[in-house]
Amino acid sequence: MFTLGVLTSSDMGAAGQREDTGGQTIKDIFLARGFSLARYEIVPDEAAIISARLREWADSGEVDLLVTTGGTGLGPRDVTPEATQAVIQRPVPGISEAMRQGGLRHTPLAMLGRGISGIRGRCLIINLPGSPRAIKEDLETVLEAISHAMETLTKDRVEVHPPH
């Protein structure tokens with residue numbers, strides 16, 4: 001169906017000092033929905049590395065949906081949104097706004113998430129937090145919309161819109 005890339009931003013994960021539970025959660029959710037895993041990597045919290053990997057994967061034509069995990073908080077090394085902003089060609093703010101709103105049903109800390117979403121070429125890029133629980137809570141709000149977005153992005157023309 002659609003292909004998935006999962007990019008985890010974590011200094012400790014990249015050094016082999018922490019298990020990537022966030023990346024695994026994303027893989028589990030999307031593989032269960034019929035996506036195939038095209039790319040997966042853990043990189044340090046370095047904006048230049050994150051941006052380079054996002055560009056490479058989105059431009060390869062091998063990845064329809066690129067989901068990042070980690071680096072979206074308020075810490076000084078949380079640079080994933082900035083790295084993503086440098087790469088996307090068209091923002092899709094509604095996805096990230098919906099995830100923050102949905103997250104607020106579970107915790108007031110959801111308002112601190114800085115993740116963004118956007119398109120590069122025909123690839124949808126979405127930033128998620130690093131916590132498996134927050135990933136699940138955020139995605140439950142937007143999975144249906146992501147499915148429609150994938151259909152729209154991978155076709156030359158959308159003929160039928162889903163009922164409201």
Side-chain angles (χ1 to χ4, degrees), residues 2-31 35-103 106-139 141-143 146 149-150 153:
F2 300 112
T3 55
L4 172 69
V6 178
L7 185 66
T8 299
S9 302
S10 168
D11 289 330
M12 291 180 67
Q17 298 173 344
R18 177 184 292 165
E19 181 183 355
D20 182 18
T21 55
Q24 187 60 51
T25 300
I26 292 166
K27 288 188 282 186
D28 290 346
I29 289 169
F30 284 101
L31 294 180
F35 282 72
S36 63
L37 184 65
R39 304 274 181 108
Y40 167 73
E41 190 175 346
I42 304 171
V43 295
D45 292 300
E46 297 288 343
I49 294 171
I50 297 165
S51 290
R53 200 63 77 240
L54 294 174
R55 268 190 209 91
E56 175 190 331
W57 291 6
D59 294 349
S60 74
E62 297 174 16
V63 179
D64 298 316
L65 175 63
L66 204 167
V67 182
T68 71
T69 178
T72 62
L74 303 180
R77 300 221 12 104
D78 291 333
V79 296
T80 302
E82 290 77 15
T84 303
Q85 185 66 49
V87 168
I88 62 172
Q89 296 163 325
R90 296 186 293 156
V92 185
I95 292 174
S96 299
E97 291 166 7
M99 289 191 300
R100 278 188 279 278
Q101 286 296 315
H106 304 282
T107 175
L109 299 180
M111 70 179 72
L112 301 177
R114 300 182 316 106
I116 66 169
S117 302
I119 299 164
R120 181 176 179 89
R122 290 188 172 205
C123 180
L124 178 61
I125 302 172
I126 299 174
N127 297 158
L128 289 174
S131 154
R133 189 190 80 199
I135 289 167
K136 290 175 188 173
E137 291 170 357
D138 283 1
L139 286 177
T141 306
V142 298
L143 277 174
I146 290 172
M150 300 288 54
L153 280 171

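By convention here, the first residue in the shown sequence is residue 1.
To the nearest 0.5 Å, the span separating CD1 on Ile50 from CD on Glu41 amounts to 11.0 Å. Atom OH in Tyr40 sits 4.5 Å away from atom OG1 in Thr8 (nearest 0.5 Å). Within the model, atoms OG of Ser10 and CD of Glu19 stand 11.5 Å from one another, a figure rounded to the nearest 0.5 Å. Rounded to the nearest 0.5 Å, atoms CD1 (Ile26) and CG (Leu128) are 5.0 Å apart. Atoms CZ and CD1, on Arg90 and Ile125 in that order, are 12.0 Å from each other to the nearest 0.5 Å.
Shortest non-hydrogen contact noted between Val87 and Arg120 is O-NH1, 2.8 Å. Of all heavy-atom pairs spanning Thr69 and Pro129, the tightest one is OG1-O, 2.7 Å. Nearest heavy atoms, Gly103 versus Asp138: CA-OD1, 4.3 Å. Annotation for Met150 and Asp64: closest pair CE-O, 3.4 Å, computed over non-hydrogen atoms. Of all heavy-atom pairs between Gly102 and His106, the closest is O-CD2, 3.5 Å. Smallest separation of non-hydrogen atoms from Ile135 and Gly130: CD1-O, 4.0 Å.
Arg133 pairs by the side-chain contact (heavy atoms from CB on, under 4.5 Å) definition with Thr107, Ser131, Glu137, not counting sequence neighbours. Shown here are the side-chain contact (heavy atoms from CB on, under 4.5 Å) partners of Asp11, two or more places apart in sequence or in another chain: Pro44, Asp45, Arg77. Arg100 meets the side-chain contact (heavy atoms from CB on, under 4.5 Å) test with Ser96; sequence neighbours excluded. Legend: residues meeting salt bridge (charged side-chain N to carboxylate O under 4.0 Å, His left out) with Glu56, ordered by chain and number and at least two apart, are Arg39, Arg53. With sequence neighbours excluded, no residue forms a side-chain hydrogen bond (donor to acceptor under 3.5 Å, both in side chains) with Thr141. Considering only residues two or more places apart in sequence or on other chains, Phe35 meets the ring pair (Phe, Tyr, Trp, His ring centres under 6.0 Å) condition with Phe2, Phe30.
No side-chain heavy atom of Ile42 sits under 4.5 Å from any side-chain heavy atom of Arg18. Under the 4.5 Å side-chain criterion, counting only non-hydrogen atoms from C-beta, Leu37 is in contact with Lys27. In this structure, the side chains of Thr68 and Leu54 come closer than 4.5 Å at one or more pairs of heavy atoms. Within the 4.5 Å cutoff, the side chain of Leu143 has heavy atoms near those of the Ile29 side chain. Within the 4.5 Å cutoff, the side chain of Thr84 has heavy atoms near those of the Ile88 side chain. In this structure, the side chains of Asp78 and Arg114 come closer than 4.5 Å at one or more pairs of heavy atoms. Side-chain contact between Ile126 and Val92 is absent, with no heavy atoms from C-beta onward closer than 4.5 Å.
Shown are Ser117, Pro81, Ser9; of these, the side chain to side chain contact (heavy atoms under 4.5 Å, CB included) with Asn127 is made only by Pro81.
With hydrogens and angles disregarded, a donor-acceptor distance shorter than 3.5 Å links the side chain of Ser51 to the backbone of Ala83. Checked by atom type and distance alone, the side chain of Thr3 pairs as donor or acceptor with a backbone atom of Glu62 at under 3.5 Å. Although no hydrogens or angles enter the test, the distance criterion places a donor-acceptor pair under 3.5 Å between the side chain of Thr80 and the main chain of Gly70.
More than 12 heavy atoms of other residues, nucleotides or ligands shown are found within 6.0 angstrom of CD on Gln89.
Residues Asp28 and Gln24 have side chains that bring a donor and an acceptor to within less than 3.5 angstrom of each other.
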